[in-house]
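Numbers here simply count residues along the sequence, with the first being 1. Just follow the structure's listing: the first ligand is 1, and inside any ligand the first atom is 1.
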Amino acid sequence: MNARHATRERLQVMRINRLVHIGVVAFLLLSLAIFSTGQKTRAKVTADSALAELKAGNSHHVKHRYQHPHETEDRLRQLASGQHPHAQILSCSDSRVPPEIIFDQGLGDLFIVRVAGNVAADTELGSLEYGAEHLHIPLLVVLGHQHCGAVTAAVEGGEAAGHISALVTLLRPAVEKSRGLPGDKVENAVKANVEMVVKQLRTSTPILAELVHTGKLRVVGAVYSLDTGKVTWLPDTL
Ligand SMILES: [Zn+2]
(Lines give C-alpha, C1' and ligand atoms only; values in the text may rest on other atoms or scores of the structure.)
Protein backbone atom coordinates (compact mmCIF):
# COMPACT_ATOMS: atom_id res chain seq x y z
CA MET A 1 0.00 0.00 0.00
CA ASN A 2 2.80 2.34 1.03
CA ALA A 3 4.76 1.71 -2.13
CA ARG A 4 1.66 2.33 -4.29
CA HIS A 5 0.91 5.51 -2.31
CA ALA A 6 4.49 6.73 -2.79
CA THR A 7 4.28 6.07 -6.55
CA ARG A 8 1.01 7.97 -6.77
CA GLU A 9 2.55 10.91 -4.93
CA ARG A 10 5.60 10.84 -7.22
CA LEU A 11 3.31 10.88 -10.26
CA GLN A 12 1.40 13.83 -8.82
CA VAL A 13 4.63 15.77 -8.21
CA MET A 14 5.76 15.01 -11.79
CA ARG A 15 2.41 16.20 -13.11
CA ILE A 16 2.66 19.45 -11.10
CA ASN A 17 6.23 19.97 -12.32
CA ARG A 18 5.09 19.48 -15.91
CA LEU A 19 2.29 22.01 -15.42
CA VAL A 20 4.74 24.52 -13.94
CA HIS A 21 7.05 23.98 -16.93
CA ILE A 22 4.19 24.47 -19.37
CA GLY A 23 3.17 27.61 -17.46
CA VAL A 24 6.69 29.05 -17.59
CA VAL A 25 7.06 28.30 -21.31
CA ALA A 26 3.63 29.82 -22.02
CA PHE A 27 4.57 32.94 -20.04
CA LEU A 28 7.86 33.28 -21.92
CA LEU A 29 6.14 32.87 -25.31
CA LEU A 30 3.48 35.41 -24.37
CA SER A 31 6.12 37.91 -23.21
CA LEU A 32 8.00 37.41 -26.45
CA ALA A 33 4.81 37.95 -28.46
CA ILE A 34 4.01 41.16 -26.58
CA PHE A 35 7.60 42.37 -26.99
CA SER A 36 7.56 41.60 -30.73
CA THR A 37 4.24 43.39 -31.17
CA GLY A 38 5.68 46.44 -29.42
CA GLN A 39 8.75 46.33 -31.64
CA LYS A 40 6.54 45.97 -34.71
CA THR A 41 4.39 48.93 -33.67
CA ARG A 42 7.47 51.12 -33.34
CA ALA A 43 9.00 49.81 -36.55
CA LYS A 44 5.77 50.55 -38.42
CA VAL A 45 6.43 54.32 -38.45
CA THR A 46 7.94 54.88 -41.88
CA ALA A 47 8.13 57.93 -44.14
CA ASP A 48 5.24 56.48 -46.16
CA SER A 49 3.02 55.83 -43.13
CA ALA A 50 3.81 59.29 -41.71
CA LEU A 51 2.96 60.90 -45.06
CA ALA A 52 -0.31 58.94 -45.24
CA GLU A 53 -1.13 60.13 -41.70
CA LEU A 54 -0.53 63.77 -42.67
CA LYS A 55 -2.66 63.42 -45.81
CA ALA A 56 -5.51 61.91 -43.79
CA GLY A 57 -5.18 64.65 -41.16
CA ASN A 58 -5.29 67.38 -43.79
CA SER A 59 -8.45 65.91 -45.28
CA HIS A 60 -10.06 66.17 -41.79
CA HIS A 61 -9.02 69.84 -41.74
CA VAL A 62 -10.41 70.54 -45.22
CA LYS A 63 -13.77 68.95 -44.22
CA HIS A 64 -13.67 70.51 -40.73
CA ARG A 65 -14.07 67.04 -39.26
CA TYR A 66 -11.22 66.98 -36.75
CA GLN A 67 -10.36 63.89 -34.73
CA HIS A 68 -8.15 65.87 -32.31
CA PRO A 69 -5.88 62.88 -31.63
CA HIS A 70 -3.45 62.65 -28.70
CA GLU A 71 -4.77 65.50 -26.60
CA THR A 72 -5.67 63.53 -23.47
CA GLU A 73 -4.19 63.89 -20.00
CA ASP A 74 -2.77 60.35 -20.37
CA ARG A 75 -0.95 61.34 -23.53
CA LEU A 76 0.49 64.40 -21.81
CA ARG A 77 1.83 62.30 -18.91
CA GLN A 78 3.14 59.60 -21.25
CA LEU A 79 5.15 62.17 -23.23
CA ALA A 80 6.93 63.50 -20.14
CA SER A 81 9.37 60.59 -20.40
CA GLY A 82 10.19 61.05 -24.09
CA GLN A 83 9.01 61.97 -27.57
CA HIS A 84 8.67 59.89 -30.75
CA PRO A 85 7.16 62.29 -33.32
CA HIS A 86 6.49 60.77 -36.75
CA ALA A 87 7.09 63.82 -38.95
CA GLN A 88 9.13 67.00 -39.03
CA ILE A 89 7.68 70.12 -40.60
CA LEU A 90 9.63 73.18 -41.74
CA SER A 91 6.89 75.76 -42.17
CA CYS A 92 6.24 79.50 -42.17
CA SER A 93 5.56 81.45 -38.96
CA ASP A 94 2.32 82.72 -40.50
CA SER A 95 -0.52 82.43 -37.94
CA ARG A 96 -2.84 81.00 -40.59
CA VAL A 97 -0.72 77.88 -41.13
CA PRO A 98 -0.42 76.03 -37.77
CA PRO A 99 0.81 72.49 -38.61
CA GLU A 100 -0.96 70.67 -35.74
CA ILE A 101 -4.31 72.05 -36.90
CA ILE A 102 -3.93 71.77 -40.67
CA PHE A 103 -2.74 68.14 -40.29
CA ASP A 104 -5.09 67.32 -37.37
CA GLN A 105 -2.26 66.09 -35.12
CA GLY A 106 -1.80 66.09 -31.37
CA LEU A 107 0.77 66.28 -28.61
CA GLY A 108 4.07 64.62 -29.46
CA ASP A 109 3.15 63.96 -33.12
CA LEU A 110 5.05 66.66 -34.99
CA PHE A 111 8.51 68.15 -34.58
CA ILE A 112 8.14 71.64 -36.04
CA VAL A 113 10.50 74.38 -37.12
CA ARG A 114 8.69 77.60 -38.01
CA VAL A 115 10.37 80.57 -39.61
CA ALA A 116 9.01 83.24 -41.95
CA GLY A 117 9.32 81.98 -45.52
CA ASN A 118 10.18 78.41 -44.36
CA VAL A 119 13.84 78.91 -45.16
CA ALA A 120 16.70 76.93 -43.66
CA ALA A 121 19.68 78.78 -42.20
CA ASP A 122 22.13 77.10 -39.81
CA THR A 123 19.86 77.31 -36.76
CA GLU A 124 16.93 75.72 -38.62
CA LEU A 125 19.24 73.05 -40.06
CA GLY A 126 20.48 72.26 -36.56
CA SER A 127 16.92 71.69 -35.31
CA LEU A 128 16.05 69.51 -38.31
CA GLU A 129 19.26 67.50 -37.91
CA TYR A 130 18.36 66.88 -34.26
CA GLY A 131 14.91 65.61 -35.25
CA ALA A 132 16.22 63.36 -38.00
CA GLU A 133 19.32 61.98 -36.32
CA HIS A 134 18.46 61.88 -32.61
CA LEU A 135 14.69 61.41 -32.73
CA HIS A 136 14.89 59.19 -35.85
CA ILE A 137 11.96 60.97 -37.54
CA PRO A 138 11.63 59.38 -41.00
CA LEU A 139 9.74 62.20 -42.79
CA LEU A 140 10.59 65.88 -43.24
CA VAL A 141 8.06 68.18 -44.92
CA VAL A 142 8.93 71.63 -46.26
CA LEU A 143 5.64 73.50 -46.24
CA GLY A 144 5.10 76.77 -48.07
CA HIS A 145 1.79 78.60 -48.29
CA GLN A 146 -0.35 80.82 -50.47
CA HIS A 147 0.07 84.63 -50.06
CA CYS A 148 3.26 84.24 -48.00
CA GLY A 149 4.26 87.69 -46.71
CA ALA A 150 7.98 86.90 -46.58
CA VAL A 151 7.99 85.67 -50.18
CA THR A 152 5.92 88.69 -51.24
CA ALA A 153 8.56 90.99 -49.70
CA ALA A 154 11.28 89.18 -51.66
CA VAL A 155 9.26 89.40 -54.90
CA GLU A 156 8.66 93.12 -54.42
CA GLY A 157 12.37 93.70 -53.86
CA GLY A 158 13.76 96.87 -52.29
CA GLU A 159 15.38 97.17 -48.90
CA ALA A 160 13.86 95.24 -46.01
CA ALA A 161 14.18 96.75 -42.53
CA GLY A 162 16.23 95.25 -39.70
CA HIS A 163 16.84 91.51 -39.68
CA ILE A 164 13.99 90.90 -42.14
CA SER A 165 16.63 91.48 -44.82
CA ALA A 166 18.26 88.18 -43.78
CA LEU A 167 15.05 86.34 -44.68
CA VAL A 168 14.66 88.21 -47.97
CA THR A 169 18.25 87.35 -48.91
CA LEU A 170 17.51 83.64 -48.41
CA LEU A 171 14.31 83.90 -50.49
CA ARG A 172 15.81 85.86 -53.39
CA PRO A 173 17.16 82.80 -55.32
CA ALA A 174 13.60 81.37 -55.50
CA VAL A 175 12.32 84.70 -56.84
CA GLU A 176 15.08 84.69 -59.48
CA LYS A 177 14.40 81.09 -60.44
CA SER A 178 10.67 81.64 -60.93
CA ARG A 179 11.01 84.98 -62.75
CA GLY A 180 9.28 84.97 -66.13
CA LEU A 181 7.05 81.97 -65.40
CA PRO A 182 3.38 82.36 -66.36
CA GLY A 183 0.92 82.95 -63.53
CA ASP A 184 1.13 84.68 -60.16
CA LYS A 185 4.66 85.83 -59.25
CA VAL A 186 4.29 85.23 -55.50
CA GLU A 187 2.74 81.76 -55.83
CA ASN A 188 5.42 80.75 -58.36
CA ALA A 189 8.13 81.94 -55.96
CA VAL A 190 6.47 80.12 -53.02
CA LYS A 191 6.57 76.86 -55.01
CA ALA A 192 10.14 77.46 -56.25
CA ASN A 193 11.27 78.21 -52.68
CA VAL A 194 9.80 74.95 -51.35
CA GLU A 195 11.46 72.97 -54.14
CA MET A 196 14.81 74.68 -53.54
CA VAL A 197 14.68 74.14 -49.76
CA VAL A 198 13.79 70.46 -50.28
CA LYS A 199 16.88 70.14 -52.50
CA GLN A 200 18.98 72.06 -49.97
CA LEU A 201 17.94 69.74 -47.12
CA ARG A 202 18.41 66.55 -49.15
CA THR A 203 21.99 67.57 -49.92
CA SER A 204 22.83 69.15 -46.58
CA THR A 205 26.06 67.60 -45.27
CA PRO A 206 27.06 65.93 -43.12
CA ILE A 207 23.86 64.74 -41.41
CA LEU A 208 20.71 65.09 -43.54
CA ALA A 209 22.33 64.07 -46.85
CA GLU A 210 23.70 60.90 -45.25
CA LEU A 211 20.30 59.99 -43.74
CA VAL A 212 18.59 60.57 -47.10
CA HIS A 213 21.27 58.53 -48.86
CA THR A 214 20.83 55.58 -46.50
CA GLY A 215 17.04 55.67 -46.80
CA LYS A 216 16.43 56.73 -43.20
CA LEU A 217 14.97 60.11 -44.13
CA ARG A 218 12.57 61.28 -46.82
CA VAL A 219 12.25 65.00 -47.58
CA VAL A 220 9.13 66.19 -49.43
CA GLY A 221 7.60 69.56 -50.29
CA ALA A 222 4.06 70.91 -50.16
CA VAL A 223 2.09 74.15 -50.41
CA TYR A 224 -0.90 75.08 -48.24
CA SER A 225 -3.91 76.92 -49.67
CA LEU A 226 -5.38 79.64 -47.43
CA ASP A 227 -8.55 79.53 -49.55
CA THR A 228 -9.36 75.84 -49.06
CA GLY A 229 -7.13 74.56 -46.25
CA LYS A 230 -5.78 71.93 -48.62
CA VAL A 231 -2.13 70.88 -48.68
CA THR A 232 -0.90 70.17 -52.20
CA TRP A 233 2.10 67.84 -52.33
CA LEU A 234 4.58 68.95 -54.98
CA PRO A 235 5.06 66.05 -57.42
CA ASP A 236 8.67 67.00 -58.20
CA THR A 237 9.55 66.53 -54.51
CA LEU A 238 7.76 63.22 -53.90
ZN1 LIG B 1 4.57 82.85 -44.94
Side-chain angles (χ1 to χ4, degrees), residues 51 54-55 57-62 64 66 85 87-105 109-129 131 137 139-202 204 208 219-238:
L51 186 58
L54 294 184
K55 286 180 178 175
N58 181 242
S59 82
H60 303 161
H61 171 62
V62 170
H64 308 287
Y66 300 98
Q88 290 204 83
I89 317 278
L90 170 61
S91 66
C92 185
S93 306
D94 195 301
S95 63
R96 299 165 293 181
V97 194
E100 275 94 349
I101 295 177
I102 67 171
F103 290 117
D104 194 20
Q105 299 291 299
D109 290 336
L110 302 178
F111 188 89
I112 301 170
V113 176
R114 294 186 72 172
V115 55
N118 42 274
V119 287
D122 282 356
T123 45
E124 289 78 30
L125 279 173
S127 299
L128 298 169
E129 285 174 354
I137 306 171
L139 180 70
L140 198 171
V141 179
V142 179
L143 183 66
H145 70 97
Q146 187 188 15
H147 304 326
C148 181
V151 174
T152 304
V155 167
E156 286 172 352
E159 280 305 302
H163 292 85
I164 298 172
S165 62
L167 292 170
V168 171
T169 301
L170 288 172
L171 288 162
R172 214 163 271 144
V175 175
E176 291 305 321
K177 197 181 175 198
S178 57
R179 196 182 295 280
L181 289 175
D184 185 279
K185 279 183 190 170
V186 172
E187 304 321 318
N188 288 338
V190 163
K191 187 169 168 276
N193 179 48
V194 169
E195 287 168 347
M196 289 171 88
V197 175
V198 165
K199 201 172 174 187
Q200 177 198 354
L201 299 182
R202 283 177 180 168
S204 170
L208 297 183
V219 186
V220 300
V223 175
Y224 176 77
S225 164
L226 294 176
D227 291 332
T228 64
K230 188 171 168 41
V231 169
T232 299
W233 303 88
L234 300 183
D236 288 349
T237 69
L238 288 175

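- His145 has its closest N, O or S atom to the Zn ion (ligand 1) at the position named NE2.
- With the Zn ion (ligand 1) as the vertex, atom SG of Cys148 and atom SG of Cys92 span an angle of 120° (nearest 10 degrees).
- At least one donor-acceptor pair under 3.5 Å links the side chain of Asn58 to the backbone N or O of Ile102.
- Formation of a donor-acceptor pair under 3.5 Å by the Gln200 side chain with backbone atoms of Ala120 is found in this model.
- Among the atoms of His147, no N, O or S atom falls under 2.8 Å of the Zn ion (ligand 1).
- A salt bridge does not link Lys199 with Glu195: every distance from a Lys NZ or Arg NE/NH1/NH2 to an Asp or Glu carboxylate oxygen is 4.0 Å or more.
- Remark: Asp104 engages His60 in a side-chain hydrogen bond (donor to acceptor under 3.5 Å, both in side chains) (not counting sequence neighbours).
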